[in-house]
Structure formats: C-alpha cells, structure tokens
Amino acid sequence: ELFSGRSEQDRLFACRRKEKKEAQRKAKGDFTITADGVLKKYRGNDTVVIIPDGVREIGESSFVDLKGVERMIMECEDYDAPEMEELTIPDSVKKIDSYAFAYCLNLTTVNWTDHIVSIGARAFEGCESLKKIRLPVGLTEIEEFTFFLCENLKSITIPEGITHNGKGDFSGCSLTRVNLPESLVSIGEEAFDGCDFRKVRIPKNVVEIGKDAFPKGTQIIMCKEGI
C-alpha cells in the first residue's frame, strides 16, 4: 500500500499536503499572475483563499473593485465584497501593494510569514471583520492608512524593526491597547485616532509625533524629553 509502514501522523500530513496542492492547483484559475510573479487580479469567490506559491508581489487593488467601493461610499450602494474569510500568503510573497485587500468585508484571518517587507497604503482599509493581526517582523515601515476603518480590530502586534507608523494607520479601529516597539522613530498624524485605549507608552527613540496621533484624552507616558 502507498502508506504502508508510515505512522498515522505521517499519513495525515501527506493527505493534508496533497489536499493543499490540489486546492492550489484549482485556485490558480482564479488568479491573474504575470510572468514575473505579480498577482494582478483575483476573480474567485471562495471563503478560504490560498495564494499560489511563486507569487512575489500582490498587486494594487487585486482583491477589490474600487469603483464598487466608491459607489458604496458616495451613493450608499451595496458592495459585492469577496466572500473570502481566511487568507494564506506564501513565503514567496515579499510585497503587498496599495489597496490590495481593501474592503474585503468578510476577512477575519490573515496567515502570512515574516518574509513580507512592504505593505502598501490602505492595503487592508475597511476590512471590518478583522479582529487581530500580527505584522511581519520584516517590515520597517507601516504605510499610511494601512488598517484605516478596520472597526473591529482590537489587537495588533507591531514588531521590533518598525521605525515609522504612517498617517491614519489604525484610525477608526477598536484597539484597546497598543505596545509600540523600541525601534519606532516617528508616529504619523491620526495614526491611532478613534481607538479605544486611554494610555500609551512612547519609546525613547521617537522624535516625531503627528497631530491627533492618539485618541483624545489619552495618557501619554514619555520615555524621553524634548519631543
């Protein structure tokens, strides 16, 4: 037999790997991917989406209909958001471009690795079902409005190595607390405006804090004078 001599754990692992490969094979038809590995568009409607191995960059607006979002905001029309609830990004991906997953209203889980070094502006804007997320440790900067209006986002892990928190990054989220990394140098305008925490510790290396960076009434604990 194919699995003779193998433990039950080995058999389960082999089956799961086969299922994953089969799912990826079927899913490739839902993606438009360039020869140099840029995912340009996703047209599927699965609740669980696994981006194929080999993709190195997730292109701008690849999972969003920006015209549909504009009609939703400006004309109060219903937006036909992707059904995607869980997203898995492979090791090969290094960059996520602007608006890539914006207004994926059903997205609750993002599985990614620390190989990602760049996430574009507004990449997850309006992902209202996200409740927690851990940023990849390879990042050095969070672009502006990356998680803007993720209104149910309560927990965020910002790794050491991040030097800049962009404008409006977490504005409109429901963060109840935030731990800023010691590597942080600057915090953009309205970065955490509208969040639910009322106390924050500013690391000693921070030299710039933008206007309205924190919720009104927040107790700011400075670890360095002169900002």
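One-based numbering along the sequence shown.
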With side-chain hydrogen bond (donor to acceptor under 3.5 Å, both in side chains) as the rule and sequence neighbours excluded, what pairs involving residues 187-197 come up?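 Every pair satisfying side-chain hydrogen bond (donor to acceptor under 3.5 Å, both in side chains) with a residue in residues 187-197: there are none.
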Over all atoms of both residues, closest heavy-atom pair of [X] and [Y]:
X: C195; Y: P215; answer: O-CG, 3.4 Å
X: A213; Y: I209; answer: CB-CG2, 3.7 Å
X: S183; Y: G161; answer: OG-N, 2.8 Å

K132 atom NZ, neighbour heavy-atom count above 12 within 6.0 Å: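 Atom NZ in K132 is not packed in, count stays at 12 or less.
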Please report the C-alpha distance between L153 and L175 in whole Å, then the side-chain angles of each, then the deciding distance to 0.1 Å, and finally whether the side-chain contact (heavy atoms from CB on, under 4.5 Å) criterion is met. CA-CA 6 Å; L153 186 62; L175 297 177; 4.2 Å; yes
Validation: residues 60-72 side-chain donor-acceptor distances under 3.5 Å, sequence neighbours left out:
from, atom 1, to, atom 2, distance (Å)
S62, OG, G59, O, 2.9
D65, OD1, K67, N, 3.3
D65, OD1, G68, N, 3.2
D65, OD2, G68, N, 3.4
R71, NE, E77, OE1, 3.4

Side chains of Y103 and E125: donor-acceptor distance under 3.5 Å anywhere?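 Short answer, yes.
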For a quick check under 3.5 Å, do R43 and T32 share a side-chain donor-acceptor pair by atom type? yes
Is the shortest side-chain heavy-atom distance between [X] and [Y] below 4.5 Å?
X: S98; Y: R122; value: no
X: L87; Y: L107; value: yes
X: I58; Y: I51; value: yes
X: E151; Y: E128; value: yes

In a table with atom names and distances, give each donor-acceptor pair under 3.5 Å that connects a side chain of residues 90-97 to protein atoms at least two apart or in another chain.
from, atom 1, to, atom 2, distance (Å)
D91, OD1, T113, OG1, 3.4
S92, OG, G54, N, 3.0
S92, OG, V55, N, 3.4
S92, OG, V55, O, 2.7
K94, NZ, D91, O, 3.4
K94, NZ, S92, O, 3.4

Using 0.5 Å steps for rounding, measure from the [atom1] atom of [X] to the [atom2] atom of [Y].
X: R56; Y: I33; atom1: CZ; atom2: CD1; result: 12.0 Å
X: R201; Y: I221; atom1: CZ; atom2: CD1; result: 8.5 Å
X: I187; Y: K167; atom1: CD1; atom2: NZ; result: 16.0 Å
X: I133; Y: I158; atom1: CD1; atom2: CD1; result: 11.5 Å

Working for side-chain contact (heavy atoms from CB on, under 4.5 Å), residues E86 and N111: CA-CA 8 Å; E86 181 176 350; N111 304 308; 2.9 Å; yes
List the residues meeting ring-ring contact (aromatic ring centres under 6.0 Å, His included) with F145, not counting sequence neighbours, and say none if there are none. F148
State which residues pass ring-ring contact (aromatic ring centres under 6.0 Å, His included) with F124; sequence neighbours excluded, sorted by chain then number.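 Per chain and number, F124 pairs via ring-ring contact (aromatic ring centres under 6.0 Å, His included) with F101, W112, F147.
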V117 reachable from I89 in the ILVMFWY side-chain graph, under 4.5 Å edges: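 In one cluster with I89: V117, no.
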Quick one: do V178 and M222 end up in the same hydrophobic cluster if we chain Ile, Leu, Val, Met, Phe, Trp and Tyr together by side-chain heavy atoms under 4.5 Å apart? yes
Go through the steps for L180 and I202 under the test side-chain contact (heavy atoms from CB on, under 4.5 Å), then give the verdict. CA-CA 7 Å; L180 300 176; I202 306 298; 4.2 Å; yes
Any chance you could lay out the side-chain contact (heavy atoms from CB on, under 4.5 Å) test for F192 and N165, step after step, and finish with the verdict? CA-CA 9 Å; F192 296 92; N165 234 136; 3.6 Å; yes
Please answer whether the main-chain N or O of [Y] pairs with a side-chain N or O of [X] as donor and acceptor at a distance below 3.5 Å.
X: T163; Y: L184; result: no
X: T88; Y: I50; result: no
X: Q219; Y: V200; result: no
X: S129; Y: T108; result: no
X: N106; Y: P82; result: yes

Geometric class of the F197/F214 ring pair [parallel <30°, tilted 30-60°, perpendicular >60°]: perpendicular
Under the rule for salt bridge (Lys or Arg N to Asp or Glu O under 4.0 Å), what residues qualify as partners of R134, not counting sequence neighbours? D114
